[in-house]
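Only one structure is covered here, and it is reproduced in the block below.
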Amino acid sequence: MRILVIGSGGREHALVWKLSQSPLVSEIIVAPGNGGMELEGVRNIPVKADDIAGLSRLAREEKVDLVVPGPELPLTEGIVDAMEILGIPCFGPDRYCAQMEGSKLFAKQIMEKSGVPTAACAAYNDPDSAKAFVRAKGAPLVIKADGLAAGKGVIVAQTVEEALEAIDSIMCQKAFGDAGRQVLIEEFLVGEEVSLLALCDGKHAVPLPSAQDHKAAYDGDTGPNTGGMGAYSPAPILPDSELEAMCDRVIRPILEQLDKEGHPFTGVLYAGLMMTAKGPKVLEYNVRFGDPECQPLLARLDSDLVEIILACLKGELSGDLVRFTPKSALGIVIAAAGYPGSYGKGMPIEGLKEAEEVADVKVFHSGTRLVNGQVQANGGRVLCVTALGNGLEEARSRAYEAAARISMPDSRYRSDIGIKGIERLAGKR
């Protein structure tokens with residue numbers, strides 16, 4: 001098979017790495033790709049991930065047998081619908097189902113119809129009404145841009161003033177562009193977050209092991225929200241023994257509802273959960289693998305990913321196709337110093353080979369380019385150093401040992417990835 005992977009981040013590098021292990025694959029091409037994928041020997045083609053017409057042309061000209069979109073943008077822009085017209089299988093939900101991520105209000109409405117537990121919320125499309133609601137309700141509150149904001153359009157406001165500033169930033173100053181034309185104001189939930197991803201074939205869902213992302217920029221979960229500074233799997237707060245029950249609660253009801261509406265969901269449905277004192281509540285849904293959750297999850301996957309994808313597309317997904325190692329995996333994101341604000345590019349990266357000499361370590365490239373054989377930084381999140389281990393402590397130790405071998409000017413990474421999970425295993429949380 002010839003496969004087109006869409007995207008340029010660490011998630012897409014992980015997908016390329018895992019797909020290339022299948023004996024069913026003859027060639028993988030990536031649009032637009034990054035330096036790490038080029039080092040893997042795949043062809044990068046400079047077509048942007050949201051250029052649906054360009055991607056359609058590319059898939060047709062290259063005679064690809066399967067398209068695997070990584071990021072949310074091509075899915076919400078209708079890449080699956082476009083490929084269907086061309087008769088090319090594409091792993092992901094159609095444009096209608098992709099609204100589960102593309103519009104937080106749409107997702108809330110589907111949750112309400114399907115009885116999935118979530119935070120109470122109100123939606124506003126003008127700032128004055130939103131501010132009046134905040135003044136009447138009080139804080140703390142969570143202010144969310146309705147549309148796509150690269151994982152950054154959520155502001156937790158501890159005071160009324162912070163909530164009003166968030167509304168100004170999102171709706172008036174357009175910090176997230178058109179994504180902020182409408183805001184959702186949600187009740188503030190207290191608890192620990194965990195991610196549950198499930199493979200879906202339209203009717204059936206197979207949950208993947210749990211994962212926990214680290215969204216805040218700095219140690220101790222402080223600083224601004226990012227796209228994710230590291231992740232590990234499994235997360236002890238959601239053990240394997242509870243995956244099926246949680247899938248029954250927050251994934252399968254959504255599939256049933258979307259199927260009722262004439263749009264069966266195929267692909268990866270990702271529920272971001274808050275484990276509250278009153279039980280789990282869904283914070284949001286994504287319609288693809290998370291980044292960086294994808295990296296540790298695929299590091300743990302023992303099955304052939306191509307076989308799994310083909311089963312999903314044929315409506316023949318079953319649990320016995322999806323096998324994971326009992327080992328833990330942990331990924332540390334190395335970022336440019338200013339991320340998620342403004343940051344430099346072009347910094348040379350050394351020590352990648354030495355990092356991968358640590359046992360069971362793979363360095364996934366998130367934002368890199370290859371210039372005359374030299375790997376350079378080309379994004380805010382630059383690398384995701386991912387390790388397997390017998391338990392979370394060993395995976396963490398290996399990942400940090402490998403990260404320490406990498407040298408890049410003006411870079412940083414969190415030093416506490418995985419600590420929450422280790423503390424929970426030790427009974428300290």
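- With respect to Glu101 and Arg288, a salt bridge is recorded, a charged nitrogen being found less than 4.0 Å from a carboxylate O.
- Contact check for Leu86 versus Ser56: side-chain heavy atoms found under the 4.5 Å cut-off.
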Which donor-acceptor pairs under 3.5 Å do the side chains of residues 375-387 make with protein atoms, sequence neighbours left out?
from   : atom 1 : to     : atom 2 : distance (Å)
Gln376 : OE1    : Arg369 : NE     : 3.1
Gln376 : OE1    : Arg369 : NH2    : 3.3
Asn378 : OD1    : Arg369 : NH1    : 3.2
Arg381 : NH1    : Gly227 : O      : 3.1
Arg381 : NH1    : Gly228 : O      : 3.1
Arg381 : NH1    : Asp291 : O      : 2.9
Thr386 : OG1    : Cys384 : O      : 3.3

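- Here the shortest heavy-atom pairing between Ala59 and Leu4 reads CB-CD2, 4.2 Å.
- With Ser169 contributing its side chain and Glu165 its backbone, the two residues share no donor-acceptor pair below 3.5 Å.
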> Would Asp65 and Ile3 count as a side chain to side chain contact (heavy atoms under 4.5 Å, CB included) if you check the C-alpha gap in whole Å, the side-chain angles of each, and the deciding distance to 0.1 Å?
Replying inline: CA-CA 6 Å; Asp65 303 293; Ile3 297 178; over 6 Å; no
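- With hydrogens and angles ignored, the 3.5 Å screen pairs no side-chain donor or acceptor of Ser397 with any backbone N or O of Glu393.
- The heavy-atom pair separating Ala235 from Val194 by the smallest distance is CB-CG2, 3.7 Å.
- Ion pair Glu192/Lys420 not flagged as a salt bridge, since none of the NZ, NE, NH1 or NH2 atoms sits closer than 4.0 Å to an Asp/Glu carboxylate oxygen.
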> Should Met229 and Arg412 be marked as a side chain to side chain contact (heavy atoms under 4.5 Å, CB included) after you check the CA-CA gap, both sets of side-chain angles, and the distance that decides it?
Replying inline: CA-CA 10 Å; Met229 294 300 293; Arg412 64 174 179 83; 3.5 Å; yes
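- In this structure, the separation between CD1 on Ile349 and CD1 on Ile334 is 8.0 Å, given to the nearest 0.5 Å.
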> Where do Asn34 and His365 land on the side-chain hydrogen bond (donor to acceptor under 3.5 Å, both in side chains) test, with the steps shown first?
Replying inline: CA-CA 7 Å; Asn34 66 33; His365 292 230; 5.0 Å; no
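- With rounding to the nearest 0.5 Å, the separation of CD1 in Ile6 from CD1 in Ile79 is 4.5 Å.
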Validation: residues 354-364 side-chain donor-acceptor distances under 3.5 Å, sequence neighbours left out:
from   : atom 1 : to     : atom 2 : distance (Å)
Glu356 : OE2    : Val363 : N      : 2.9
Asp360 : OD2    : Arg398 : NH1    : 3.2
Lys362 : NZ     : Glu40  : OE2    : 2.6

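- Contact annotation: the side chain of Leu75 never approaches that of Glu77 to less than 4.5 Å [non-hydrogen atoms, C-beta and beyond].
- Heavy atoms only, all atoms of each residue included: Phe265 and Gly267 are closest at CE2-C, 4.0 Å.
- Between the side chain of Asp416 and the main chain of Ile419, no donor-acceptor pair closer than 3.5 Å is present.
- Using cut-offs of 30° and 60° for the angle between ring planes, the Phe106 and Tyr96 rings count as perpendicular.
- Residues Glu293 and Arg11 are not paired through a salt bridge, judged by the lack of any N-O separation under 4.0 Å between the basic side chain and the carboxylate.
- Side-chain contact between Val287 and Val268 is absent, with no heavy atoms from C-beta onward closer than 4.5 Å.
- In this structure, OG on Ser8 lies 6.5 Å from CE on Met37, to the nearest 0.5 angstrom.
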> Does the pair Tyr232 and Ser328 meet the rule for a side-chain hydrogen bond (donor to acceptor under 3.5 Å, both in side chains), with working shown?
Replying inline: CA-CA 7 Å; Tyr232 60 91; Ser328 295; over 6 Å; no
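- Ion pairing between Asp221 and Arg414 holds under the 4.0 Å rule for side-chain N and carboxylate O.
- Smallest separation of non-hydrogen atoms from Leu105 and Ala123: CD1-CB, 3.9 Å.
- At a threshold of 4.5 Å between non-hydrogen side-chain atoms, the residues Glu72 and Asn286 do not count as touching.
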> When you look at Leu305 and Val68, which way does the side chain to side chain contact (heavy atoms under 4.5 Å, CB included) test go after all the steps?
Replying inline: CA-CA 11 Å; Leu305 183 57; Val68 181; over 6 Å; no
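- A donor-acceptor pair under 3.5 Å links the side-chain atoms of Thr368 to the main chain of Gly35, judged by distance alone.
- Between the CZ atom of Phe91 and the CG atom of Leu313 there is a distance of 7.0 Å, given to the nearest 0.5 Å.
- For the residue pair Asp304 / Ser22, a side-chain donor-acceptor distance below 3.5 Å is found, with atom types taken as modelled.
- With Met1 as reference, Leu310 is the one residue of Val64, Ile28, Leu310 to meet the side chain to side chain contact (heavy atoms under 4.5 Å, CB included) rule.
- Checked by atom type, the side-chain pair Thr118/Lys108 shows a donor-acceptor distance below 3.5 Å.
- In this structure, the side-chain contact (heavy atoms from CB on, under 4.5 Å) partners of Ala271, at least two apart in sequence or on a different chain, are Val250, Ile251, Leu273, Tyr285.
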>> For a side chain to side chain contact (heavy atoms under 4.5 Å, CB included) check, start with the C-alpha distance between Tyr270 and Leu196, then their side-chain angles and the critical distance, and finish with the verdict.
In response: CA-CA 6 Å; Tyr270 165 145; Leu196 175 65; over 6 Å; no
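- Although no hydrogens or angles enter the test, the distance criterion places no donor-acceptor pair under 3.5 Å between the side chain of Lys18 and the main chain of Gln295.
- Looking only at side-chain heavy atoms (C-beta outward), Tyr400 and Ile417 come within less than 4.5 Å of each other.
- A salt bridge links Arg43 with Glu27: the distance from a Lys NZ or Arg NE/NH1/NH2 to an Asp or Glu carboxylate oxygen falls below 4.0 Å.
- Asp201 places a side-chain N or O within 3.5 Å of a backbone atom of Leu317 that can act as its donor or acceptor partner.
- Ser103 and Asp146 are linked by a side-chain donor-acceptor pair at a separation below 3.5 angstrom, with hydrogens and angles left out of the test.
- Dense packing is recorded around NZ of Lys174, with more than 12 heavy atoms of other residues, nucleotides or ligands lying under 6.0 Å away.
- Here the side chain of Ser303 pairs a donor or acceptor atom with the backbone of Arg323 at under 3.5 angstrom.
- Heavy atoms only, all atoms of each residue included: Leu189 and Thr276 are closest at CB-CG2, 4.3 Å.
- Taken from OG in Ser210 to CE in Met275, the straight-line distance is 9.0 Å, to the nearest 0.5 Å.
- Rounding to the nearest 0.5 Å places CG of Leu298 at 8.5 Å from CG of Leu208.
- Taking all atoms of both residues into account, the shortest heavy-atom contact from His214 to Thr226 is O-OG1, 4.3 Å.
- Ionic pairing of Arg405 and Glu401 is present here: one or more N-O contacts between side-chain nitrogen and carboxylate oxygen are shorter than 4.0 angstrom.
- Inter-residue side-chain proximity for Val183 and Met171 is flagged as met; some heavy-atom pair is nearer than 4.5 Å.
- Environment of CD in Glu84: sparse, with no more than 12 heavy atoms of neighbouring residues, nucleotides or ligands closer than 6.0 Å.
- Residues Pro209 and Arg300 meet the side-chain proximity criterion, which asks for heavy atoms closer than 4.5 Å.
- In this structure, Leu238 and Met246 have side chains that are in contact, with non-hydrogen atoms separated by less than 4.5 Å.
- Ser415 and Asp219 share a donor-acceptor pair across their side chains, judged by distance under 3.5 Å alone.
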